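Since this is a predicted model, take the numbers as computed values, not measurements.
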Amino acid sequence: METKNETLRAKLEHSVQINDGLTQTSADGAALAFDAKYGIMFCAYMPGFQGNYGESREKVALSCFPASQPTNIRFVTVAEGEKVYCPNILGLGDGKVRVFYEKNSCAEGDHSWCYKDYDVLSNTLTEEKAVMLRKEDGSVAPLCLSAQFAYLESRGYQNHKYVKTEQVGHCGYFRGEDGCVYSAAVSYYAEPILFRSQDNGASVEFFAVFPHPAQYEFEYKFLGEKIYAIYRTDKAIDSIAFVSSPDGGNTWTEPSFFSGSIQCRPRLIVYNKNILMSYNYLNDDTAHRPAIQQGRTSIRLVYGEEQTVVADLYRKYGMVNVAIADILNDVYLAYSTSELALEYQIGNPMVRGKDAIRYVKLGDLIPE
């Protein structure tokens, strides 16, 4: 008799590619948003070209399609130029989405964070605008590294001073029950800064610091009175940690590490009034490979603080940098494949090889 996990693995083999396979055969960094009114899924990502064994930092793109049946996919170039990176997305309703991205990634300077709005009905894209930071003294300035680091230093945090790579990004955007939009500002191995916005992320205000350095990737959500967070540390194995805060980010529990977890993007959403988390983990299939290529064929989805495994998925040709979404109590999954890296034999050990973004409906993952 076929088990639930075997059914889910079979679904992965029938997933649909949602980046442009003609001119964009390499892609990374999927972020999802769903428009309930029109039943449309949006995916923001970084496209690259065939043979691109690294990461694209030259373009941010958007694909949009019916969530339940990805056909007639529309592809939109949101931003293009040297060092654009790390897209994120927020649904605005009525067929509109806001796409955020970093400028001047991994370059010298005071990196800015920008956004554009896309309307699927009119197929129009607005002009680029900078995300603004509303400071505690009442002034307003662009959200950038210096503003972020000044806020950390004012609270006694110094980790950002000891890393060479400095870039600014945001974790997944979400709407709170209070009507505000929430996210966090993150930079490479500094403490993430939690922020909220009353104008869909056009301007933000900091309200808390997560007290542990994150290796650039961090996700959090509110559930009742608590905040739940998942993040990536600098450890090679057991690198993904889970924490919670009972008081809006003032205090946090000690980190709990997922056994065998690997340095890939972890995700956390609220699903059926509980938390659902995903992370890549080490298996025998990739254990012999360079660290950057390990754990790229298997992910687990765990439900609740008890971390009940509701999906243990494997894909021979790679499954990395996942994005998960809850649509009418069904879980949808997007991920980058890694066939080029996994088939790349003797050569550059830093080859990442994120080849395509694929999308699949996993269905109801509520534990029985």
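Between Y182 and F222, the ring-plane angle classifies as perpendicular under the 30° and 60° cut-offs. The aromatic rings of F65 and Y359 sit perpendicular, their planes meeting at an angle over 60°, well past the 30° parallel limit. Using cut-offs of 30° and 60° on the angle between ring planes, the pair H160 and F149 is parallel. Using the six-membered ring where Trp is involved, Y118 and F42 have ring planes that are perpendicular, over 60° apart on the 30 and 60° scheme.
In the displayed structure, K235 atom NZ is contacted under 6.0 Å by more than 12 heavy atoms of other residues, nucleotides or ligands.
Judged by distance alone, with hydrogens and angles left aside, the side-chain atoms of R358 form no donor-acceptor pair with the main-chain N or O of L12 at under 3.5 Å. No donor-acceptor pair closer than 3.5 Å links the side chain of R300 to the backbone N or O of V309. The backbone N or O of L362 sits less than 3.5 Å from a side-chain atom of K11, completing a donor-acceptor pair. For T253 (side chain) and S244 (main-chain N/O), a donor-acceptor pair under 3.5 Å exists by modelled atom type. For the pair T308 (side chain) and V302 (backbone), a donor-acceptor distance under 3.5 Å is absent. Between the side chain of S197 and the backbone N or O of S203, at least one donor-acceptor pair lies under 3.5 Å.
Using a 3.5 Å distance cut-off with no hydrogens or angles, the side chains of E305 and Y228 do pair a donor with an acceptor. A donor-acceptor pair shorter than 3.5 Å can be found between the side chains of S146 and D110. A donor-acceptor contact closer than 3.5 angstrom links the side chains of Y188 and Q215. Looking only at atom types and distance, the side chain of T3 has no donor-acceptor partner in the side chain of N5 under 3.5 Å away. Side-chain contact annotation: Y314 with N283, donor-acceptor N/O pair under 3.5 Å absent.
Between E219 and I269, every side-chain heavy-atom pair lies at or beyond the 4.5 Å cut-off. Between C64 and I40, the closest side-chain pair of non-hydrogen atoms falls below 4.5 Å. For the pair R296 and K354, the minimum side-chain heavy-atom distance is below 4.5 Å. A 4.5 Å side-chain heavy-atom check between K361 and S68 finds every atom pair outside the cut-off. Within the 4.5 Å cutoff, the side chain of L194 has heavy atoms near those of the I227 side chain.
For the side-chain hydrogen bond (donor to acceptor under 3.5 Å, both in side chains) with S105, the lone residue among R57, H111, K83 that qualifies is R57. For the pairing with V331, the side-chain contact (heavy atoms from CB on, under 4.5 Å) check across D364, D326, N272, L276 returns one residue only, L276.
To the nearest 0.5 Å, the span separating NZ on K221 from OH on Y271 amounts to 15.5 Å.
Electrostatic pairing of E191 and R155 does not count as a salt bridge here, judged by no charged N lying under 4.0 Å from a carboxylate O.
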As a quick check of understanding, evaluate ring pair (Phe, Tyr, Trp, His ring centres under 6.0 Å) for F100 and Y173, giving each step before the final call. CA-CA 10 Å; F100 301 88; Y173 283 74; 4.2 Å; yes
Begin from the C-alpha positions of F210 and Y220 and carry the test ring pair (Phe, Tyr, Trp, His ring centres under 6.0 Å) through to its verdict. CA-CA 10 Å; F210 177 71; Y220 77 101; 9.2 Å; no
